[in-house]
Amino acid sequence: MGNSNFKDGSSLEDFGIEYAPAIESTSLVNIKDKYGLFIDGNFVDSSSGKSFKTLDPSTEKPLSVVTEASSDDVDRAVRSAGVSYEKYWKKMPGADRARYLFRIARHLQERAREFAVLETLDGGKPIKESRDVDLPLAAAHFFYHAGWADKLEYAFPQRKLEPHGVIGQIIPWNFPLLMAAWKLAPALACGNTVVLKPAETTPLTALLLAEVIRDVDLPPGVVNIVTGAGETGSAIVEHPEVDKLAFTGSTEVGKLIHRSAVKRNLPLTLELGGKAPHIIFEDAALDQAIEGVINGIFFNQGHVCCAGSRLLVQESIADYFIDRLQKRIELLRVGNPLDKNTDIGAINSLAQLERIDQLVKAGIDEGAEVFKPSCSLPENGYWYPPTVLTGVQQSHRVAREEIFGPVLVVQTFRTPEEALEKANNTPYGLSAGIWTEKGSLIHWMAERLRAGVIWANTFNKFDPTSPFGGYKESGFGREGGMQGLTAYLKNSGGHS
Amino acid sequence: MPTSTITFRETVSSIKVIPVDEVSLEARAASLATRSIKTTSKRAALHLAIRCMDLTTLEGADTPEKVASLCQKAKRPDPSNHGVPSVAAVCIYPEMVHHAVEATEGSNVKVASVAGAFPSGLSTIEARTADIADAVKRGADEIDIVLNRSAFLAGDEQRAFEEIVASKDACGKAHLKVILEVGELGSYDKIRQASVLAMAAGADFIKTSTGKIPQASSLPRVLCMAEAVRDFAQQTNISVGIKAAGGIRTAKQAWHYLVVIGETLGTEWLSPEMFRIGASSLLNDVLLQLNRLDSGSYSGPDYVTVD
Amino acid sequence: MTGKIPIAKTYKLFIDGAFPRSESGRTFSVNNPEGELIANVSQASRKDFREAVRAARAAQLSWASRTAYNRGQILYRVAEMLESRKIEFVELLKSIGVNSRSATREVEDSIQRWVWYAGWSDKYSQVLGSVNPVSGPYFNFTVPEPTGVVGIIAPTEPSMLGLISRLVPAIVSGNTVVVVSEGQSSLTSVTIGEVLATSDVPAGVVNILTGDQKDLLPWMVGHLDLNAVDISGISPETDLTLLEETASNVKRVVSRQVNEESLELISDFLEMKTVWHPIGR
């Protein structure tokens with residue numbers, strides 16, 4: 001697994017120096033045998049008695065049993081949220097809502113390592129990411145929005161602001177806790193109550209967050225967390241007393257929700273898929289651009305909607321850049337997600353692994369050349385090596401469809417116009433990356449790229465103050481920043 | 001002026017200098033510093049750090065006795081443990097060279113001398129090359145000179161280049177290390193440019209700092225230089241060494257440098273021939289860590305020698 | 001009658017700056033409240049709709065890339081032209097049954113509204129955008145950008161103010177539009193098109209189709225090259241399941257019963273773009 005190979009085929013290990021398998025202790029995580037649904041401030045059983053297993057994708061070993069919420073359970077949760085909205089939350093001064101959010105943020109900070117380890121166990125992402133990215137950002141989102149709760153009228157002067165009421169929120173498995181924070185913090189700050197459904201493969205950190213919510217004495221029913229798969233999600237989407245829906249996930253499911261909501265004129269925000277162009281000009285700071293490309297596609301195993309999955313490199317430097325990139329990929333450490341030295345963890349589920357594999361095979365069938373490093377993969381669990389497909393044409397499936405895995409497709413361009421044309425030639429529009437040392441070119445490109453987030457000379461950076469969200473089929477509405485509040489306030493403008 | 005056939009126009013201008021982004025470079029260096037090392041590998045790493053060390057004293061108050069004492073420590077860092085290797089070199093002023101040559105005789109420890117109006121480099125090139133030639137004549141194996149930052153920053157890269165060429169000539173067989181004094185260059189772009197310039201002019205090593213200004217070596221600066229070395233090797237087939245100097249005081253820092261060099265340049269650079277750490281107090285921290293590995297308990301400063 | 005026999009105006013479609021008849025050759029009649037024929041109006045087909053979207057898409061980038069100041073100037077000039085044709089619009093509204101006082105007020109309000117939105121061209125970005133204090137060495141800012149091509153179902157009532165209230169907030173930021181206008185309101189819509197045709201608004205920025213919204217709505221919601229639709233003007237009898245097709249390309253769907261000047265109507269057709277760049281040497 002430790003595969004620090006150099007160009008001469010040797011490695012630090014050969015030299016007698018090995019990186020330690022620095023395994024994060026799991027002792028501070030207490031995983032229960034079974035988890036109930038978090039409704040009206042309590043953990044409760046399902047009316048149907050159904051449940052499902054959640055497992056560690058790096059070992060395929062079951063971690064716990066989680067309750068599957070039936071439509072009756074969802075109904076209970078929505079009613080609880082509705083009652084709580086009228087009884088507590090709507091009347092509560094913003095300053096008091098702020099205090100609850102501050103409390104949640106502090107608890108997240110205090111229990112950060114526990115959350116990080118649980119996130120890594122349940123989802124397969126490297127501990128260094130859950131520890132250094134997911135957790136600090138999740139806490140920061142609660143802090144940031146806490147401050148807004150009593151200042152909303154400064155963000156939108158001269159508007160008749162109003163919360164929507166009960167918000168139905170459905171989140172994906174790639175950043176389970178962080179997406180919960182992105183959804184809950186602004187909704188609560190703006191005075192809404194919530195029914196949240198985490199993804200069926202990664203429910204545990206949301207359920208631990210439910211404990212935090214209970215520990216901070218948030219009034220019962222303000223946040224309800226129901227676990228389950230598609231059917232549970234549908235029950236939320238279709239529930240007549242949900243006043244607004246917010247969804248993060250695949251474009252495919254997003255469109256189904258869009259269909260359902262639009263005919264009822266139900267407010268909706270969607271954060272969907274992407275196929276982000278990552279554009280490298282010949283004058284770029286190439287060593288840093290390599291790091292940016294690596295981070296852009298291999299961060300969180302490429303399970304990132306804004307991943308820089310389409311590398312567009314200027315033809316004049318393509319050979320050099322791809323050679324450098326492949327050497328750099330050889331240094332990536334794939335393996336135990338709990339190892340602090342691990343760069344790439346496990347694929348989140350068997351279904352996702354199969355999808356990645358199928359798309360890469362399709363790419364090879366269409367004529368792409370494949371590069372995979374010489375690393376070995378663990379025998380158990382779901383793994384996919386970091387992969388680069390070269391010789392990819394704009395018409396290839398792998399250049400158009402979201403792979404959502406550690407797979408980079410490489411294309412070249414000659415001029416800024418060509419880069420732009422290829423970059424924008426996609427139904428998606430979530431993010432894009434540009435690397436050049438020429439300031440005016442950055443602005444020229446940034447202005448013309450049809451994407452909601454543009455990273456220039458950096459990639460995959462997130463912040464609660466920075467609005468995030470897509471153009472075109474990548475969805476609508478923003479999360480984060482002042483603009484993100486519009487999703488949870490009537491009459492504030494924006495898509496809500 | 002230089003008898004060398006290398007000309008500025010043919011070399012520097014033909015070598016592509018890639019720009020550097022500060023924020024991302026520093027983030028990469030910081031992420032390399034989070035790698036943890038296996039306990040069983042720690043001894044090898046600590047020994048490597050010692051073997052790559054240039055034990056340094058560059059004080060106006062240096063005396064023959066001080067230098068003799070330093071050389072003793074260089075040859076046998078831990079008198080109680082013969083398993084601990086000697087350091088790569090001692091680094092001293094030219095006036096001290098013959099004392100050091102005498103004190104290291106019969107050992108593997110090389111004698112490195114700063115020369116050429118160290119640390120500013122601001123005397124005539126004739127005076128500087130004479131200084132270099134004198135140090136070599138006294139027996140120095142390695143010469144550490146400074147880049148003419150005055151010329152480099154004023155835009156006279158050709159002069160800076162040609163002075164290095166001349167210095168290299170004056171070195172004869174001695175190895176030439178060129179100190180860029182990275183803390184004075186103002187940006188990573190300039191560090192990378194200076195690295196390329198010095199390598200093209202014939203430096204055997206490029207070195208971060210004199211140790212005489214507060215801004216000295218840092219992980220991202222060495223990473224920046226290592227990336228220049230890597231590209232230079234690829235473009236010219238010439239492998240140039242790197243010396244990190246100034247502010248490196250702990251075994252952990254030394255380990256971070258080894259990781260940066262190893263991950264950027266490969267294992268062939270993890271040897272005293274290609275990598276050096278210039279330091280004075282670092283050695284004792286490395287020895288303390290070795291003691292801890294041997295005894296299993298934490299050691300104290302009284303258990304290593306001050307010189 | 002003492003004068004010559006009046007020449008009646010032919011109400012045609014407004015696509016890409018020109019006034020074609022419907023490719024289908026069909027028309028529908030608009031009568032006054034007394035039941036007398038005012039005009040035969042071209043009835044747009046799905047192919048006309050397709051052409052209109054094509055024209056709007058072709059015009060969008062260059063319209064959006066004009067300076068905000070320039071878009072403002074062009075739109076102010078339209079207001080001036082409306083002002084000079086005030087009497088014509090009042091008469092037109094009267095002909096479809098609006099009483100004289102209301103017609104005068106509607107025309108005046110319409111011009112005022114046009115001016116109000118035109119003035120936002122170089123301001124909404126400052127009000128809705130931001131510089132974001134991210135936690136790290138990055139400069140980070142958010143700017144609003146136009147969504148792209150917008151389909152608008154024009155409100156039938158009030159015909160002039162209703163259309164202008166939807167049209168101008170969409171185009172002021174650089175969107176281009178395809179308007180579907182039906183019934184009596186078609187007359188006002190086409191006449192506004194005539195004003196635009198002689199203005200500096202580039203061809204294709206505004207396209208106006210007259211016809212039956214229930215014929216054209218299915219094509220509008222399903223068209224993959226439309227980025228957004230404003231359905232605020234749909235008739236109450238519309239089967240809303242029709243709207244499901246807006247999901248086919250994740251269209252922004254706006255349905256907002258706002259009848260006053262509103263910044264929100266501008267933001268309805270904006271996308272927020274956030275740009276990051278490191279701060280370093």
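Every chain is numbered from 1, with letters handed out A, B, ... down the list of sequences.
Looking only at distances, a side-chain donor or acceptor of A/D463 sits under 3.5 Å from a matching main-chain atom of C/S135. Judged purely by atom type and a 3.5 angstrom limit, C/K273 has no side-chain atom pairing as donor or acceptor with the backbone of A/Y471. Without hydrogens or angle criteria, C/E271 side chain to A/G452 main chain gives no donor-acceptor distance under 3.5 Å. Judged purely by atom type and a 3.5 angstrom limit, C/T274 uses its side chain to pair as donor or acceptor with the backbone of A/P467. A side-chain donor-acceptor contact under 3.5 Å links C/R252 to the backbone of A/G475.
Heavy atoms of C/S248 lying under 4.5 Å from chain A belong exclusively to its backbone. Residue A/R159 touches chain C through its side chain alone, counting heavy-atom pairs closer than 4.5 Å. For A/L272, the part lying under 4.5 angstrom from a heavy atom of chain C is the side chain only. Contact of A/A140 with chain C is not made at all, since no heavy-atom distance falls under 4.5 Å. Of the two parts of A/P427, neither the backbone nor the side chain holds a non-hydrogen atom closer than 4.5 Å to a non-hydrogen atom of chain C. Proximity to chain C is limited to the side chain of A/N265, based on heavy atoms less than 4.5 angstrom apart. Both the backbone and the side chain of A/E473 come within less than 4.5 Å of a heavy atom of chain C.
Side-chain atoms of A/K255 and C/E244, non-hydrogen and from C-beta on, never get closer than 4.5 Å to each other. The shortest distance between side-chain heavy atoms of A/I442 and C/H277 falls below 4.5 Å.
Between chain C and the residues A/R450, A/M482, A/K263, the largest count of heavy-atom pairs under 4.5 Å involves A/K263. Contact count against chain C (heavy-atom pairs under 4.5 Å) is highest for A/W455 among A/F156, A/F462, A/F459, A/W455. The greatest number of non-hydrogen atom pairs below 4.5 Å with chain C, out of A/T251, A/I434, A/L256, A/L449, is found for A/L449.
No more than 12 heavy atoms of other residues, nucleotides or ligands sit less than 6.0 Å from atom CZ of A/R106. Taking a 6.0 Å sphere around NZ of A/K151, one finds it holds more than 12 heavy atoms contributed by other residues, nucleotides or ligands. By the neighbour-count criterion of 12 heavy atoms within 6.0 Å, atom CH2 of C/W120 is densely surrounded, having more than that number from other residues, nucleotides or ligands. Shown here is A/E421, whose CD atom has no more than 12 heavy atoms of other residues, nucleotides or ligands within 6.0 Å. Shown here is C/K214, whose NZ atom has no more than 12 heavy atoms of other residues, nucleotides or ligands within 6.0 Å.
Contact detail for A/A456 and C/P278: the closest heavy-atom pair is O-CD, 3.1 Å. Here the closest heavy-atom approach between residue A/H258 and residue C/T246 is recorded as NE2-OG1, 3.2 Å. Of all non-hydrogen atoms in A/Q483 and C/S130, the two that sit nearest each other are NE2-OG, 3.0 Å.
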Quick one: side chains of residues 148-161 of chain C, donor-acceptor pairs under 3.5 Å with protein atoms, not counting sequence neighbours, listed by atom name and distance.
{"unit_1": "C/S159", "atom_1": "OG", "unit_2": "C/T188", "atom_2": "OG1", "d": "2.8"}

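Here C/N249 contributes atom CG and A/K472 contributes atom NZ; the two are 10.0 Å apart, rounded to the nearest 0.5 Å. Put simply, CD on C/E264 and NZ on A/K490 are 12.5 Å apart, with the number rounded to the nearest 0.5 Å. Here the OG1-CZ distance, from A/T458 to C/F139, works out to 15.0 Å after rounding to the nearest 0.5 Å.
Between A/S466 and the options C/T142, C/N132, C/N140, a side-chain hydrogen bond (donor to acceptor under 3.5 Å, both in side chains) holds for only C/N140.
The interface of residues 233-242 of chain C with chain A, defined by heavy-atom distances below 4.5 Å, comprises C/L240, C/T241.
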